[in-house]
Novice: 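Let me begin by handing over the structure; questions about it come next.
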Amino acid sequence: QVHLVESGGGLVYTGDSLRLSCAAPGRTFSIYAMGWFRRAPGQEGQEREFVAAISWNGDHTYYGDSVKGRFTVSRDNANKTLYLQMNSLKPEDSAVYYCAEGNTAWGVRDGYVDQWGQGTQVTVSS
């Protein structure tokens, strides 16, 4: 059973913006911390790179160094949806982006993830 469903990926160009969504219709979404990870092409078999995490109520957020100042994570608990707003995209942001669920935002940041989505592809062309 798929618990987390990402959407919003696609092909964009350097400097463009994109917003990813992660729907969790069957989950008690509001009690979990959530986050985003990514895996770039050619890195299959390697650990996913941490992108962003957010606490259950949105009060606490964390970002990976490579996306700070460009990406923003947010959530809508009423609609059970997690978002990742990505601005000033670069070719090195090209990856499969995964939604993640955990108990705490700092835990998700450190890789303590209980549920993963199936991923959505983002390709940034120069």
Side-chain angles (χ1 to χ4, degrees):
Q1 183 177 1
V2 176
H3 298 292
L4 304 174
V5 181
E6 301 94 336
S7 62
L11 171 64
V12 294
Y13 296 90
T14 300
D16 284 352
S17 296
L18 200 62
R19 189 176 80 158
L20 304 183
S21 299
C22 172
R27 307 293 288 169
T28 310
F29 182 77
S30 61
I31 68 172
Y32 295 107
M34 302 294 297
W36 293 95
F37 288 73
R38 67 187 183 186
R39 182 180 284 141
Q43 294 185 351
E44 292 79 11
Q46 297 187 27
E47 288 190 1
R48 298 174 176 95
E49 176 190 3
F50 169 70
V51 174
I54 187 169
S55 59
W56 67 273
N57 60 359
D59 281 357
H60 300 284
T61 57
Y62 300 94
Y63 294 94
D65 288 342
S66 61
V67 306
K68 281 180 183 175
R70 299 188 298 122
F71 291 12
T72 302
V73 62
S74 62
R75 63 190 298 160
D76 179 348
N77 284 347
N79 289 304
K80 299 186 177 182
T81 304
L82 174 73
Y83 300 101
L84 183 67
Q85 178 67 44
M86 305 186 294
N87 298 329
S88 302
L89 282 162
K90 306 173 183 180
E92 51 264 43
D93 293 318
S94 297
V96 177
Y97 284 72
Y98 297 91
C99 178
E101 174 192 286
N103 288 325
T104 63
W106 61 263
V108 171
R109 178 198 65 192
D110 292 344
Y112 295 97
V113 172
D114 296 321
Q115 295 284 342
W116 293 99
Q118 294 183 314
T120 186
Q121 176 74 50
V122 172
T123 303
V124 185
S125 177
S126 57

Novice: Are Val96 and Trp36 connected in a single hydrophobic cluster, I mean Ile/Leu/Val/Met/Phe/Trp/Tyr linked by side-chain heavy atoms less than 4.5 Å apart?
Specialist: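 No.
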Novice: In Å and rounded to the nearest 0.5 Å, what is the NE2 to CH2 distance from His3 to Trp116?
Specialist: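 If we round to the nearest 0.5 Å, His3:NE2 and Trp116:CH2 are 15.0 Å apart.
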Novice: So, does Thr104 use its side chain to make a donor-acceptor pair with the main chain of Gly107 at under 3.5 Å?
Specialist: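 The answer is yes, because a donor-acceptor pair under 3.5 Å joins these two groups.
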Novice: Answer yes or no: is there a donor N or O on one side and an acceptor on the other, between the side chain of Asp76 and the main chain of Asn79, under 3.5 Å?
Specialist: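 At least one qualifying donor-acceptor pair exists.
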Novice: Do the numbers put Arg109 on top of the ring of Tyr62, so that NZ or CZ is under 6.0 Å from the six-membered ring centre and no more than 45° off the axis?
Specialist: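 Yes, a cation-pi geometry holds between Arg109 and Tyr62.
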Novice: Return the CD1 to OH distance between Ile54 and Tyr83, rounded to the nearest 0.5 Å.
Specialist: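 Reported value, rounded in 0.5 Å steps: 11.5 Å.
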Novice: Quick one: pull up CG in Leu84 and CZ in Phe37 and give me the separation to the nearest 0.5 Å.
Specialist: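 One finds 12.0 Å between CG of Leu84 and CZ of Phe37.
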Novice: Is the backbone N or O of Lys90 less than 3.5 Å from a side-chain atom of Asp93, with the two atoms forming a donor-acceptor pair by type?
Specialist: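 Such a contact is found between Asp93 side chain and Lys90 backbone.
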Novice: State, yes or no, whether a side-chain contact exists between Arg48 and Tyr98 at a heavy-atom distance under 4.5 Å.
Specialist: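 Arg48 vs Tyr98: side chains touch.
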Novice: State plainly whether the residues Lys68 and Asp65 are in salt-bridge range, i.e. N to O under 4.0 Å.
Specialist: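 Answer for the salt bridge query: yes.
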Novice: Are Val113 and Trp106 co-members of a hydrophobic cluster defined by side-chain heavy atoms under 4.5 Å apart?
Specialist: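 In one cluster with Trp106: Val113, yes.
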Novice: Quick check against the 3.5 Å criterion: does Tyr63 have a side-chain atom that pairs as donor or acceptor with the backbone of Val73?
Specialist: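 Answer holds: yes.
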Novice: Could you measure the distance from the CG atom of Leu89 to the CZ atom of Phe71? Nearest 0.5 Å is fine.
Specialist: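 Separation between the atoms: 5.0 Å.
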Novice: Could you report the tightest heavy-atom contact between Ala105 and Ala53, atom names first, then the distance?
Specialist: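 Of all heavy-atom pairs spanning Ala105 and Ala53, the closest is O-CB, 3.6 Å.
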Novice: Side chains of Val5 and Gln118, heavy atoms from C-beta outward: is any pair under 4.5 Å?
Specialist: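 Sidechains of Gln118 and Val5: no contact.
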Novice: Return the minimal non-hydrogen interatomic distance between Val108 and Gly35, and the atom names on each side.
Specialist: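 For Val108 versus Gly35, the nearest heavy atoms are CG1-CA, 3.9 Å.
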Novice: Would a 4.5 Å heavy-atom cut-off, applied to side chains only, mark Val67 and Arg38 as touching?
Specialist: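 Yes, their side chains come closer than 4.5 Å.
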Novice: Report yes or no: does Arg75 contribute a side-chain atom to a donor-acceptor pair with the main-chain N or O of Leu82 at less than 3.5 Å?
Specialist: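 Such a contact is absent between Arg75 side chain and Leu82 backbone.
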Novice: Checking Ser55 side chain against Ala33 main chain: does a donor-acceptor pair fall under 3.5 Å?
Specialist: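 No; judged by distance alone, with no hydrogens or angles, the pair does not exist.
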Novice: Under 3.5 Å, sequence neighbours excluded: what are the donor-acceptor pairs made by side chains of residues 7-25?
Specialist:
{"unit_1": "Thr14", "atom_1": "OG1", "unit_2": "Ser125", "atom_2": "O", "d": "3.4"}
{"unit_1": "Asp16", "atom_1": "OD2", "unit_2": "Tyr13", "atom_2": "N", "d": "2.9"}
{"unit_1": "Ser17", "atom_1": "OG", "unit_2": "Asn87", "atom_2": "OD1", "d": "2.9"}

Novice: Are the side chains of Trp56 and Ile31 in touch, meaning some heavy atoms are under 4.5 Å apart?
Specialist: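 Heavy-atom side-chain distance check fails, nothing below 4.5 Å.
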Novice: With distance as the sole test, does Glu49 use its side chain to make a donor-acceptor pair with the main-chain N or O of Arg39 at under 3.5 Å?
Specialist: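 No, Glu49 side chain to Arg39 backbone: no donor-acceptor pair under 3.5 Å.
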Novice: Let me confirm one number: the CD-OG distance from Gln121 to Ser94, rounded to the nearest 0.5 Å.
Specialist: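 Those atoms lie 7.5 Å apart.
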Novice: Which atoms form the tightest heavy-atom contact between Asp114 and Gly102, and what is the distance?
Specialist: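 Result for this residue pair: OD2-CA, 4.0 Å.
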Novice: Are there over 12 heavy-atom neighbours, none belonging to Glu47, within less than 6.0 Å of that residue's CD?
Specialist: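 No - once you tally the heavy atoms of other residues, nucleotides and ligands closer than 6.0 Å, there are 12 at most.
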Novice: What distance separates Met34 CE from Glu101 CD, expressed to the nearest 0.5 Å?
Specialist: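 That separation rounds to 5.5 Å.
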